[in-house]
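One structure is given here, and the rest of the page talks about it.
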There are 4 protein chains.
Amino acid sequence: MARGVNKVILVGNLGNDPEMKYTQGGMAICTLSLATSSVRKDKEGNQQERTEWHRVKLFGKLGEIAGEYLKKGRQVYIEGEIRYDKFTGQDGVEKYFTDIIANEMQMLGGGGEGGGGRSERPARPAGGRPSGGGDYGNRGGGGGGSAPQRSDDPFPDDDIPF
Amino acid sequence: MARGVNKVILVGNLGNDPEMKYTQGGMAICTLSLATSSVRKDKEGNQQERTEWHRVKLFGKLGEIAGEYLKKGRQVYIEGEIRYDKFTGQDGVEKYFTDIIANEMQMLGGGGEGGGGRSERPARPAGGRPSGGGDYGNRGGGGGGSAPQRSDDPFPDDDIPF
Amino acid sequence: MARGVNKVILVGNLGNDPEMKYTQGGMAICTLSLATSSVRKDKEGNQQERTEWHRVKLFGKLGEIAGEYLKKGRQVYIEGEIRYDKFTGQDGVEKYFTDIIANEMQMLGGGGEGGGGRSERPARPAGGRPSGGGDYGNRGGGGGGSAPQRSDDPFPDDDIPF
Amino acid sequence: MARGVNKVILVGNLGNDPEMKYTQGGMAICTLSLATSSVRKDKEGNQQERTEWHRVKLFGKLGEIAGEYLKKGRQVYIEGEIRYDKFTGQDGVEKYFTDIIANEMQMLGGGGEGGGGRSERPARPAGGRPSGGGDYGNRGGGGGGSAPQRSDDPFPDDDIPF
DNA sequence: TTTT
DNA sequence: TTTT
């Protein structure tokens, strides 16, 4: 449920390979550094390029897929929401972070499913449980089997003609 | 899962009260007629208004909420996807329909929960099944509530669009 | 200006080469056939694929770029709005069309600028005037030269820090 | 022009009246504090509400309209892009800011044009220049010059924060 | 058929 | 700091 809309849509390229972490419960947390750039003219009429680097987080099953298939340089579509966080460091200084919490991801430019091949990174650490379960960032995360790559399903029940 | 992105975002006003139907399995199908209009200048520089009427469908729990709380004239935010359908009438003529299949809905302009009050329309026909937990939009679904249910012909009435 | 929001975001692949037409005033009208598909499980648990074919129109400068650089099979990002039209044929039968009127386009998957090379299609017919002018579908469409590939500019004036 | 997509869509309520500033050139800069909140269940199954406060900036004509018509508490639709900035304070400490740069705005919930009445704040400071035609959002702009341009290396690699 |  |  929501009071309001907080939606982000990004198409960009990865500046680095994905970074993987796992919660104690074994849930994947994948962090991407994603560049979107645009060109405009400044006051003197010169071309000016500006790049925004987005910190994108993908949780659970979606994070695992991202960690397996994405690599530095790849182009990706991300849909999610903005989350602002504040931490106070040991030095007592407050630090602010802005993350994009993804709820959908699409690899672009071909190579979709098997395309470039999986990375060598292990998909999950020993001891992790089969994901899916106790998600806390990923809305939905289909309990069951398949890997929908999206956590919104417009068809809640399945007796809909398809 | 998806190969591609098909996303629609609408903010508009209802031209009529929602229309409710139910599958044999008891799933709600709510249809909205939603207006979005824009003004531009034509070649002569005159203000020209144009209104698009979107046919929006909401299924399941989301459809029930829409049917209960929305009314003619209300402003609403819809997120969903475009679906094109073709039916051949008894006269052999093909008919084309474009629907927006909603996966998120937000009532706008206050009155959200108790606001204008529920409509008098019955929320569900006799025999319908109870409809699970309370959540706008249906990211995820799964987990808690109602079980999927089979119906032999999910769309008994639906060879009559509109 | 608008009373409401009517926004579409698509990522898909072209089913065909772009079709080009030109108004009497010389403005380009480019039509794309764009596929977005999704996979779900039906009631029996089988994978079911469904593809939507969107008819996308790009006007003016944006249409010329599309006509030059896009080709059958290419993946593209489109942002625009839905427009419903009704025509009555010579047989007296009403026909309905749904178009996506693009206001932004991004070629995906590399090959952006020079990528696969321009198509052989002429960019503009003899006698056409240098485009840009008499737009009727394209909001904005910079009168003069430049090729912004987007018609929204968040920086209306240029004394903005960049 | 853009290499990538950086798009934000927000529907929320203003936490305060808009703040207006003006550049030396007289261009308006309107800053909004916009709340979007969502409710989910935490691990214990309790309802947890979380609110994000977005800092939204609107420039030029759009900023003037926002400054005149918006007020604390009003609900608004914003479309724009994310911009990350870093400033170094006089104390030598780096500070990070995330702004949403709006390119479209829609007041929601009625009261659109004359609704609540204009605020008492002056619309523009003395010396400001007049600010062009009247249109919400600013599709269009453009006019001027240059051709698309390639940048040699769009991805200067990995001097990326985070 | 809505809304401002 | 908003809203329901």
Side-chain angles (χ1 to χ4, degrees), chain A residues 1-6 84 86, chain B residues 10-19 31-40 47-56 65-66 68-78 100 105-118 134-137 162, chain C residues 1-6 84 86, chain D residues 10-19 31-39 47-56 65-66 68-78 100 105-118 134-137:
Chain A
M1 177 179 159
R3 177 80 197 148
V5 173
N6 172 0
Y84 307 99
K86 182 171 79 175
Chain B
L10 302 174
V11 173
N13 296 278
L14 298 206
N16 277 309
D17 284 344
E19 289 174 32
T31 303
L32 308 177
S33 186
L34 190 66
T36 60
S37 44
S38 55
V39 180
R40 22 200 114 173
Q47 296 272 351
Q48 282 279 75
E49 175 156 347
R50 183 186 163 103
T51 297
E52 306 301 331
W53 286 99
H54 308 271
R55 194 166 75 148
V56 178
I65 295 170
E68 284 199 63
Y69 293 106
L70 295 180
K71 292 190 73 119
K72 176 176 175 172
R74 270 213 74 156
Q75 194 178 32
V76 70
Y77 169 93
I78 291 288
I100 309 304
M105 187 266 295
Q106 293 271 325
M107 285 167 274
L108 301 175
E113 207 77 17
R118 301 165 169 243
D135 206 2
Y136 283 16
F162 291 125
Chain C
M1 177 180 158
R3 177 79 196 149
V5 172
N6 174 358
Y84 308 99
K86 181 172 79 176
Chain D
L10 303 174
V11 174
N13 295 277
L14 297 205
N16 277 308
D17 284 345
E19 290 173 31
T31 303
L32 308 177
S33 186
L34 190 66
T36 60
S37 43
S38 55
V39 180
Q47 295 272 351
Q48 283 278 75
E49 174 157 348
R50 182 185 164 104
T51 297
E52 307 301 330
W53 286 99
H54 307 269
R55 195 165 74 147
V56 179
I65 295 169
E68 283 199 62
Y69 293 105
L70 294 180
K71 292 191 74 120
K72 176 175 175 172
R74 270 212 73 156
Q75 194 178 31
V76 71
Y77 169 94
I78 292 287
I100 308 304
M105 186 266 294
Q106 293 271 326
M107 286 168 275
L108 300 175
E113 207 77 15
R118 300 162 169 246
D135 207 2
Y136 284 17

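Per chain, numbering begins at 1; letters A, B, ... match sequence-line order. Keep in mind that this is a model prediction, so the values were computed, not measured.
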Where do S33(D) and W53(D) come nearest, in terms of heavy atoms and distance? OG-CE3, 3.4 Å
Looking only at N and O atoms, is any donor in the side chain of N16(B) or the base of dT1(E) less than 3.5 Å from an acceptor on the other one? yes
Per atom distances to the R3(C) side chain, the nearest of dT4(E), dT2(E), dT2(F) is dT4(E)
Would the base of dT2(E) count as contacting T36(B) through its side chain, where contact means a donor and an acceptor less than 3.5 Å apart? no
The nucleotide from dT3(F), dT2(E), dT1(F) with an atom nearest the side chain of S33(D) is dT1(F)
Checking dT2(E), dT2(F), dT4(E) against the side chain of K72(D) (C-beta onward), the nearest is dT2(F)
Using the aromatic ring of W53(D) (for Trp, its six-membered ring), decide whether it stacks on the base of dT2(F) within the limits of 5.5 Å and 30°. no
Round to a whole Å and report the spacing from CZ of R74(B) to P of dT2(E). 17 Å
Report yes or no: does R74(D) contribute a side-chain atom to a donor-acceptor pair with the main-chain N or O of L108(D) at less than 3.5 Å? yes
Hey, what do you get for CD (Q106(D)) to OH (Y77(B)), rounding to the nearest 0.5 Å? 13.0 Å
Qualifying residues under side chain to side chain contact (heavy atoms under 4.5 Å, CB included), relative to N6(C), sequence neighbours excluded: L10(B), T36(B), E52(B), H54(B), E81(C), I82(C)
For the pair made of CD in Q75(D) and C1' in dT4(F), what is the distance, rounded to whole Å? 10 Å
